[in-house]
Amino acid sequence: MDTPSEALHRVFGYDSFRAGQQEIIDHVVTGGDALVLMPTGGGKSLCYQIPALVRPGVGVVISPLIALMQDQVDALRALGVRAGFLNSTQDFDERQMVEAAFLAGELDLLYLAPERLRVEATTRLLAKGDIAVFAIDEAHCVAQWGHDFRPDYLALSELRERWPEVPRIALTATATPATHAEISSRLGLDQARHFVASFDRPNIHYRITPKSEPKRQLLEFLRTEHPDESGIVYCLSRSSVEKIAEFLVDNGIAAVPYHAGLDARTRATHQARFLREEGLIVVATIAFGMGIDKPDVRFVAHLDLPKSVEGYYQETGRAGRDGLPATAWMAYGLQDVVQHRRMAMEGDEAHRRRQVHHLDAMLALCETVGCRRVMLLDYFGQKGSEPCGNCDTCQTPPESWDGTIPAQKVLSTVLRLARERRQKFGVGQVVDILLGKKTAKVLQHGHETLTVFGVGTELGNAEWHGVVRQLLAQDLLAVEPAHGALVLTDASATVLRGQREVLLRRETPRPARAKVAASAKAQPVAAELPAEAAPVFESLRAWRGATAKEQGVPAYVIFHDATLREIATRSPSSLAELGTVNGVGENKLAKYGEQVLQVLADDEG
Ligand code: ADP
Ligand code: ZN
């Protein structure tokens with residue numbers, strides 16, 4: 001049997017553990033229970049895969065993501081790990097084969113859908129084998145009301161009674177202490193040690209930009225920063241998903257839609273294409289992405305505001321799992337605030353309060369003049385980190401300015417419409433009044449006779465929208481759920497009376513192009529290679545693509561981008577030297593070593 005670090009080198013071909021991995025693995029290998037909280041992309045899988053390899057018996061992994069089990073098993077088999085799965089997609093014969101392998105002790109890892117454990121036949125099967133560890137992936141499923149898998153996950157509390165001697169490790173990327181406590185109690189993990197890894201994902205560059213023409217902005221972002229790279233574009237509604245996907249295709253960018261309204265076959269095909277093809281974009285609602293462990297997602301773009309910081313962090317966390325530079329980009333505007341404020345008014349009192357709390361945190365992140373990462377980490381309980389240098393606000397610090405007078409102008413317009421005319425209007429009309437525009441709607445309502453008419457010509461239309469958005473974000477103004485009309489809040493009066501200063505963020509409509517280009521982190525991954533290595537990297541990518549296609553597996557199952565980059569840069573001349581590259585383990589060296597050296601030799605010749 002290997003030690004954990006021997007398994008890390010020999011099987012996975014990695015140099016060193018990532019933060020947290022070693023302690024967790026050591027604890028589980030010695031039989032301890034663990035509750036692991038790590039951000040998406042932090043490296044949770046190794047935390048149970050290595051104990052499964054190092055301890056005698058089979059590691060049983062409970063995962064709700066049955067659509068991804070085949071890929072997970074393929075990736076392990078490519079490493080020479082003996083893995084199999086049991087779920088409802090298999091026919092009798094396939095299941096029989098896996099069960100026989102399990103009983104014969106010929107498996108290192110067995111993936112199980114949670115509902116399998118409620119079938120008596122499965123527990124009988126497991127009782128006949130030797131189990132090294134139980135891993136409960138996506139453990140937050142047990143804590144979320146209304147979660148599809150919750151009933152199955154609740155039944156997992158029985159594992160302790162049936163297998164008291166087998167260590168259990170529950171893993172999640174969901175951070176709140178309440179979720180943690182509930183996982184612990186529901187799964188009977190009160191003896192478990194808690195491991196909370198750092199939430200930082202330093203290779204992700206965060207950027208939140210004012211939304212003006214979202215489609216054009218998205219296109220420019222993709223073309224200048226991520227040409228031909230894989231990524232996810234999140235939209236709020238199914239119809240905008242469809243529209244944006246079509247728009248990208250019309251502009252020559254490979255993209256497919258994904259949302260719950262598509263039939264299961266189409267969804268599965270689009271997901272499989274995303275995993276297998278290089279450079280494909282998925283435009284999706286939040287229905288897409290859970291458990292997707294594609295390591296080379298180079299960007300996650302949000303065209304609509306996520307509902308919470310948790311959601312934002314989980315979605316953006318899908319970028320850059322391989323540790324290479326990746327971008328989390330979001331376009332955010334007034335309509336997002338209006339729409340979310342309206343949605344937050346739905347449901348019962350407790351629900352509303354929760355929504356508002358989540359929304360306020362999300363808006364604070366969008367409107368901050370400080371480092372985004374500091375704010376994110378602070379939100380997840382990691383206080384006091386240093387400004388990161390790899391987010392938009394660090395690189396182009398926005399100014400804040402005293403917006404008290406413009407704020408008073410907006411609020412007093414809303415107040416006058418209400419008091420003098422018994423009317424309520426949306427942002428468009430309020431801004432037209434401030435700018436003194438004699439539109440048909442202004443004349444129809446006689447708004448040109450209001451004393452505030454034309455008092456706001458010092459700012460332009462977009463700037464006024466920015467002011468209104470920030471007032472909404474600061475809760476100094478509100479929107480009515482039904483018609484989106486602006487109304488005052490309790491706090492508005494303090495501003496109108498001049499008792500409160502309003503600090504606003506100066507809009508920088510587009511960060512200066514030079515600034516973005518100067519930031520190495522935002523460069524396409526291939527472009528960061530030394531000049532002579534770039535064509536070699538492309539040859540290796542082509543070889544990898546062909547090999548993956550032949551085997552019907554995603555390209556990253558053969559080698560990650562990071563591994564190909566290192567090979568291209570170091571240009572090893574022997575198998576022994578190739579074996580020292582990060583990500584080249586024993587099995588892959590034996591299987592692909594000669595071919596890789598051949599690609600390098602061809603390239604030189
Ligand atoms: P999570 O499940 O936490 O989202 P994964 O387990 O999928 O993350 O790991 C993310 C990526 O990081 C994977 O591609 C994995 O191969 C890689 N990885 C994990 N641990 C290491 C390590 N110690 N060294 C190098 N790469 C690692
Ligand atoms: Zn920063």
Side-chain angles (χ1 to χ4, degrees), residues 4-5 7-9 11-25 36-50 61 63 65 68 71-72 75-76 78-79 81 135-140 169 171-175 195 197-208 275 289-297 313-324 326 328 365 368-378 385-398 519 521 554-563 566 581-585 588:
S5 43
L8 181 77
H9 298 302
V11 179
F12 297 90
Y14 293 143
D15 299 336
S16 52
F17 285 110
R18 286 202 185 148
Q21 286 177 329
Q22 179 137 35
E23 292 110 290
I24 297 166
I25 291 169
V36 171
L37 173 61
M38 241 190 219
T40 313
K44 286 187 281 298
S45 321
L46 280 190
C47 297
Y48 55 82
Q49 288 168 347
I50 289 187
V61 185
S63 162
L65 307 162
L68 298 168
D71 283 342
Q72 285 171 326
L76 285 165
L79 295 167
V81 175
I136 301 161
D137 208 2
E138 313 288 347
H140 55 273
I169 171 171
L171 309 105
T172 179
T174 302
F195 294 90
S198 164
F199 256 69
D200 192 13
R201 297 285 313 282
N203 60 313
I204 299 181
H205 168 81
Y206 296 98
R207 182 142 99 251
I208 302 178
L275 294 174
M290 183 168 159
I292 295 275
D293 50 10
K294 184 177 167 65
D296 55 356
V297 176
Y313 209 60
Q314 203 151 71
E315 285 145 30
T316 55
R318 292 173 185 141
R321 286 180 188 232
D322 52 13
L324 297 177
L365 177 70
T368 183
V369 294
C371 171
R372 309 253 191 225
R373 193 182 314 271
V374 166
M375 195 151 181
L376 284 165
L377 294 176
D378 183 87
S385 39
E386 293 290 311
C388 73
N390 189 23
C391 72
D392 55 350
T393 50
C394 278
Q395 288 171 353
T396 321
S519 125
K521 307 281 189 182
Y556 61 79
V557 167
I558 313 286
F559 284 122
H560 286 186
D561 279 358
T563 303
E566 196 178 327
V581 171
N582 216 11
V584 184
K588 289 189 178 174

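All ligand and atom numbering here is 1-based and tracks the order in the structure. We use all heavy atoms of the structure for the numbers below, so side chains are in, but hydrogens, waters and symmetry mates are not.
Residue contact annotation: P39 has a non-hydrogen atom under 4.0 Å from ligand 1. Using a 4.0 angstrom heavy-atom cutoff, L46 counts as in contact with ligand 1. At least one heavy atom of S16 sits less than 4.0 Å from an atom of ligand 1. Residue R18 places a heavy atom under 4.0 Å from ligand 1.
Between R321 and D293 there is no salt bridge, since no side-chain nitrogen of the basic residue lies less than 4.0 Å from a carboxylate oxygen of the acidic one.
Given atom 4 (O) of ligand 1, the protein heavy atom at minimum distance is G41 N, 2.6 Å. The protein atom (non-hydrogen) at minimum distance from atom 8 (O) of ligand 1 is G43 N, 3.2 Å. In terms of protein heavy atoms, atom 16 (O) of ligand 1 is closest to Y14 OH, 2.6 Å.
For the atom pair CG of D322 and NZ of K294, the computed distance is 10.0 Å after rounding to the nearest 0.5 Å. For the atom pair C371 SG and M375 CE, the distance stands at 10.5 Å (nearest 0.5 Å). With values rounded to the nearest 0.5 angstrom, Q49 atom CD is found 9.5 Å from I25 atom CD1. Distance OH/Y206 to CG/L376: 6.0 Å, rounded to 0.5 Å. With values rounded to the nearest 0.5 angstrom, D378 atom CG is found 11.0 Å from L365 atom CG. Rounded to the nearest 0.5 Å, atoms CZ (F195) and CD1 (I169) are 8.0 Å apart.
Residues passing the salt bridge (Lys or Arg N to Asp or Glu O under 4.0 Å) test with D137, sequence neighbours excluded: none.
Tally of protein N, O or S atoms closer to the Zn ion (ligand 2) than 2.8 Å: 4.
Here the shortest heavy-atom pairing between A328 and I204 reads CB-CG2, 3.8 Å. In this structure, F17 and P4 approach most closely via the heavy-atom pair CZ-O, 3.8 Å. Scanning all heavy atoms of the two residues, the minimum distance from Q21 to G42 falls at NE2-O, 4.3 Å. When all heavy atoms of A319 and A326 are compared, the pair lying nearest together is CB-CB, 3.9 Å. Closest approach of A19 and M38 over heavy atoms only: O-CE, 4.1 Å.
Contact annotation: for S45 versus ligand 1, heavy atoms closer than 4.0 Å belong to both the backbone and the side chain. Neither the backbone nor the side chain of A173 comes within contact range of ligand 1; no heavy atom lies under 4.0 Å. Looking at F17 against ligand 1, only its backbone comes within 4.0 Å, counting heavy atoms. Using a 4.0 Å cut-off between heavy atoms, H560 contacts ligand 1 through its side chain alone, with no backbone atom that close.
Residue M38 has no N or O atom closer than 3.5 Å to an N or O atom of ligand 1. Considering backbone and side-chain atoms alike, D322 places every N or O at 3.5 Å or more from each N or O of ligand 1. Every N/O-N/O distance between D293 and ligand 1 stays at or above 3.5 Å.
Which parts of ligand 1 touch T40 is read off a 4.0 Å heavy-atom cut-off, strictly below it: atoms 4 (O). Atom numbering of ligand 1 starts at 1 in the shown order; those under 4.0 Å from a heavy atom of P295 are 14 (O).
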